[in-house]
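Residue numbers run from 1 in the order of the sequence given. As the structure is a prediction and not an experimental result, all values here were calculated from the model.
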Amino acid sequence: MLCLHQTPRSWDEFREIIPLLATSYRVLAMDTPGMGNSPAPRGKASIENYALAAAGVLEALGIAEVALIGHHTGGVIAARLAASLGGRVWAMVLSSTPLVDAEARRAREHRPDIDGYVVSDDGSHLSAIWSRRAAFYPSNRPDLQARYTLDSLRARDPEEGHRAVARYRMEDDLDALVQPALVVRHAADPYASPEASKLAAALAQSTLVTIERGMVPLEFAASEFVALCEPFLRRYSPGLS
């Protein structure tokens with residue numbers, strides 16, 4: 001099982017989920033190129049190149065069959081990877097994942113930066129990074145927001161992954177996405193929540209579920225997230241019944 005994180009995070013986004021899934025699966029979580037500890041890609045980042053990097057991880061580890069779990073940007077990467085690998089991907093969990101069609105690309109053309117910042121001499125950019133995402137984290141869990149902040153500082157460009165999503169022509173891959181897909185909608189996510197139903201309807205085999213609390217369940221509500229995923233994954237896993 002390969003986990004793919006959102007922009008500008010790292011494998012750390014799955015820290016709470018990995019041990020819960022690892023009781024039944026071999027769970028891998030990679031850093032997307034240019035984020036975490038992964039070297040930055042050459043030139044302009046793209047979903048296609050992110051997916052090639054993920055395919056390279058699977059190839060290097062000799063993994064023939066895999067399920068994918070992707071959150072936000074990671075979900076878009078998972079869709080591209082599944083389209084390119086075909087039957088080698090036996091299931092997908094697409095969490096807070098947009099359907100990036102022509103309408104979505106137009107909507108993103110003039111959208112303000114989500115995570116971008118300019119380094120300031122007095123360090124005030126650190127406060128800006130913190131406050132920008134504060135609304136999406138529980139007020140009593142500053143440790144979670146600190147993990148996001150550290151990942152944002154490590155990224156080559158914390159906005160790069162968002163721009164890659166905005167350029168991706170997902171509609172060109174939809175016909176190849178025949179794998180069973182669990183589309184996880186996060187009700188409080190202002191970015192992807194409105195697009196969840198549209199994505200589910202565009203996929204050949206999809207189930208749409210909703211998590212009501214917050215847009216960061218991968219850290220804050222890991223048990224709830226895995227409880228939704230496990231029955232779906234068990235139904236399609238080639239090694240479980």
Side-chain angles (χ1 to χ4, degrees), residues 1-7 11 14 17-18 21-22 24-33 35 38 41 45-102 104-105 161 164-185 192 195-209 226 228-241:
M1 186 168 297
L2 179 63
C3 300
L4 301 159
H5 61 81
Q6 69 171 306
T7 300
W11 77 268
F14 295 95
I17 282 181
I18 290 171
L21 290 174
S24 300
Y25 305 95
R26 179 189 183 192
V27 185
L28 311 170
M30 62 172 280
D31 289 344
T32 299
M35 302 177 218
S38 182
S46 70
I47 296 302
E48 291 81 359
N49 285 336
Y50 288 158
L52 283 173
V57 169
L58 298 177
E59 189 69 24
L61 295 174
I63 296 173
E65 294 183 309
V66 68
L68 305 174
I69 295 181
H71 186 56
H72 272 278
T73 305
V76 181
I77 298 168
R80 174 61 194 148
L81 184 59
S84 64
L85 295 184
R88 291 180 59 190
V89 175
W90 52 264
M92 300 182 291
V93 176
L94 304 178
S95 172
S96 271
T97 300
L99 173 61
V100 193
D101 57 9
R105 288 191 295 276
V165 169
R167 292 189 292 265
Y168 175 48
R169 292 180 56 85
M170 185 184 280
E171 65 267 37
D172 292 345
D173 284 332
L174 288 176
D175 287 345
L177 293 176
V178 297
Q179 300 90 343
L182 182 69
V183 178
V184 183
R185 172 183 174 268
E195 299 173 329
S197 297
K198 188 176 179 181
L199 174 64
L203 297 173
Q205 297 188 71
S206 69
T207 302
L208 176 64
V209 296
V226 171
L228 287 174
C229 295
E230 275 192 324
F232 168 81
L233 292 168
R234 185 170 291 274
R235 187 181 315 139
Y236 295 105
S237 172
L240 297 174
S241 60

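A distance of 5.5 Å separates CE of M92 from CG of L203, quoted to the nearest 0.5 Å. L94 contributes atom CG, which lies 11.0 Å from atom CG of L208 (distance to the nearest 0.5 angstrom). Considering OG of S197 and CZ of R185, their distance stands at 6.5 Å, rounded to 0.5 Å. Of the inter-residue distances, the one linking S24 atom OG with L233 atom CG reads 9.5 Å to the nearest 0.5 angstrom.
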Evaluation steps, side chain to side chain contact (heavy atoms under 4.5 Å, CB included), between T32 and T73: CA-CA 10 Å; T32 299; T73 305; 5.8 Å; no

Evaluation steps, side chain to side chain contact (heavy atoms under 4.5 Å, CB included), between S237 and W90: CA-CA 7 Å; S237 172; W90 52 264; 3.7 Å; yes

Test log, rule side chain to side chain contact (heavy atoms under 4.5 Å, CB included), inputs V27 and F14: CA-CA 10 Å; V27 185; F14 295 95; over 6 Å; no

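Between the side chains of T7 and H72, not a single donor N or O lies within less than 3.5 Å of an accepting N or O.
Nearest heavy-atom pair, A176 versus Q179, reported as atom, atom and distance to 0.1 Å: O-OE1, 3.9 Å. The minimum heavy-atom distance between C229 and L182, with the atom names listed, is CA-CD2, 3.9 Å. Annotation for R105 and A166: closest pair CG-O, 3.1 Å, computed over non-hydrogen atoms. Between S96 and H71, the shortest heavy-atom distance links the atoms CB-CE1, 3.7 Å. Residues E195 and A104 share a closest heavy-atom pair of OE2-CB, 4.0 Å. Across all non-hydrogen atoms, the minimal contact from A164 to A45 is CB-O, 3.9 Å.
Applying the side-chain hydrogen bond (donor to acceptor under 3.5 Å, both in side chains) rule to pairs touching residues 198-209 yields D101-K198, E103-K198, sequence neighbours excluded. A salt bridge (Lys or Arg N to Asp or Glu O under 4.0 Å) check over residues 83-99, counting only residues at least two apart or in different chains, returns nothing.
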Without placing hydrogens or testing angles, list every side-chain donor-acceptor pair under 3.5 Å for residues 79-87, not counting sequence neighbours.
from: R80; atom 1: NH1; to: D173; atom 2: OD1; distance (Å): 2.9
from: R80; atom 1: NH1; to: D173; atom 2: OD2; distance (Å): 3.3
from: S84; atom 1: OG; to: R80; atom 2: O; distance (Å): 3.4
from: S84; atom 1: OG; to: L81; atom 2: O; distance (Å): 2.9

Name every donor-acceptor pair, under 3.5 Å, that has one atom in a side chain of residues 46-69 and the other anywhere in the protein, sequence neighbours excluded.
from: S46; atom 1: OG; to: N49; atom 2: N; distance (Å): 3.0
from: S46; atom 1: OG; to: N49; atom 2: ND2; distance (Å): 3.3

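In this view, E230 satisfies the salt bridge (Lys or Arg N to Asp or Glu O under 4.0 Å) rule with no residue, not counting sequence neighbours. Annotation: side-chain hydrogen bond (donor to acceptor under 3.5 Å, both in side chains) contacts of T97 (sequence neighbours excluded): none.
With contacts defined as side-chain heavy-atom distances shorter than 4.5 Å, the pair L174/L99 qualifies. Side-chain contact between P180 and R235 is absent, with no heavy-atom pair separated by less than 4.5 Å.
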